[in-house]
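Before any comments, here is the structure.
We're numbering straight along the sequence, starting at 1.
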Amino acid sequence: GHRARRTGDGGAVTARTIAGLPPGAFTVLVGQDDEALFDALCCCRADGMVIITSATKGIGASDLAARLRAAGGTAVGLTDLFDSLHPTRIPAGMASLRAAGVPVVATTHNVYVLDCCDPGEVLVLHDGQAARLSEHPEAERMKGALSAGQLWTLDDESTWVPAAVE
């Protein structure tokens with residue numbers, strides 16, 4: 001499973017997370033340390049991930065699938081997902097990425113991106129530890145009341161990720 005994990009290497013957690021993702025699977029990495037997010041994503045290159053940096057504003061499903069096939073990759077990693085896209089266009093962008101039919105792992109700090117995700121698709125990194133947003137202590141109680149973006153911003157990850165890992 002996708003339970004919380006304690007590790008000194010967020011990249012190893014991410015690599016294990018994407019291992020065996022089915023076509024169309026989606027995971028979004030969030031956290032306060034941009035460098036750790038990027039490092040976690042880059043650790044997956046050896047596992048066949050094709051990294052596309054800051055190029056997601058106009059990327060469509062067919063382009064994404066074509067880039068993956070051309071590189072012979074097994075998954076696509078996207079940095080700063082839709083950080084410069086207008087919030088009203090994000091749901092369509094997310095639908096397009098999901099329609100690509102390839103595993104996608106992305107980094108973002110954009111709550112509108114998270115609002116298009118299920119909390120189980122969001123992997124929160126903090127100090128080398130990782131937990132799914134669905135493991136947030138308020139996740140079950142707030143199901144249906146808060147979006148994933150609202151749940152992520154409810155508490156600083158330092159207050160709950162370590163406890164979810166224990």
Side-chain angles (χ1 to χ4, degrees), residues 1-7 10-41 44 52 54 56-57 59-61 64 75-166:
H2 293 292
R3 297 285 308 148
R5 297 179 180 122
R6 176 183 302 278
T7 177
V13 171
T14 308
R16 285 193 305 273
T17 298
I18 69 154
L21 284 177
F26 211 86
T27 298
V28 178
L29 306 176
V30 296
Q32 294 179 4
D33 185 345
D34 288 334
E35 190 173 317
L37 290 175
F38 187 71
D39 287 348
L41 197 59
C44 300
I52 303 172
S54 302
T56 56
K57 186 173 183 179
I59 196 165
L64 191 67
V76 173
L78 303 171
T79 64
D80 303 320
L81 183 62
F82 299 139
D83 282 355
S84 62
L85 192 62
H86 192 277
T88 61
R89 299 193 60 195
I90 290 173
M94 291 291 286
S96 179
L97 290 178
R98 290 178 189 282
V102 299
V104 174
V105 179
T107 66
T108 193
H109 290 103
N110 190 324
V111 294
Y112 296 106
V113 168
L114 297 183
D115 286 346
C116 296
C117 297
D118 178 88
E121 294 176 313
V122 180
L123 188 65
V124 183
L125 302 180
H126 175 75
D127 263 355
Q129 300 172 321
R132 292 280 174 182
L133 186 56
S134 56
E135 296 175 81
H136 186 285
E138 297 294 322
E140 194 59 39
R141 189 172 74 79
M142 294 305 212
K143 191 178 230 173
L146 294 180
S147 66
Q150 291 170 320
L151 183 61
W152 179 53
T153 59
L154 191 62
D155 298 301
D156 186 276
E157 47 262 10
S158 67
T159 66
W160 68 272
V161 171
V165 175
E166 292 177 349

Exercise for review: Identify the heavy atoms of Trp160 and Pro137 that sit nearest to each other, and give their distance.
Suggested key: CB-CD, 3.6 Å
**Study point:** Shortest non-hydrogen contact from Ala130 toward Leu125
**Key:** CB-CD2, 3.5 Å
Exercise for review: Measure from the side-chain N and O atoms of Thr107 to the backbone N and O of Asp80, and report whether any donor-acceptor pair falls under 3.5 Å.
Suggested key: yes
Revision key, fill the gap. Smallest heavy-atom separation, His109 atom then Asp83 atom, equals N-OD1, 4.1 Å
Check your understanding: Below 4.5 Å, heavy atoms only, C-beta onward: do Leu81 and Met94 meet side chain to side chain?
Key -> yes
Check your understanding: Do Leu97 and Leu78 come within less than 4.5 Å of each other through their side chains, counting heavy atoms only?
Key -> yes
Practice item. Compare all side-chain heavy atoms of Lys143 with those of Pro119 and state whether any distance is below 4.5 angstrom. Key: no
Study note, to complete from the structure: Tightest non-hydrogen contact, residues Asp118 and Gly120, listed as OD2-N, 2.8 Å
Review point. Got a second to check how far Thr153's OG1 is from Leu114's CG, nearest 0.5 Å?
Key: 9.0 Å
**Study point:** Contact check, side chains of Val111 and Trp152, non-hydrogen atoms, under 4.5 Å
**Key:** yes
Review point. If you take all heavy atoms of Ser134 and Ala139, which pair is closest and at what distance?
Key: O-CB, 3.3 Å
Check your understanding: What's the spacing between Asn110 CG and Phe82 CZ if we round to 0.5 Å?
Key -> 9.5 Å
Review point. Once you round to the nearest 0.5 Å, how far does CG of Leu154 lie from NE2 of His136?
Key: 5.0 Å
Review point. Going from CD on Glu138 to CG on Leu133, what distance comes out if it is rounded to the nearest 0.5 angstrom?
Key: 12.0 Å
Revision key, fill the gap. For Val122 and Cys117, the nearest pair of non-hydrogen atoms, with its separation, is CG2-CB, 4.0 Å
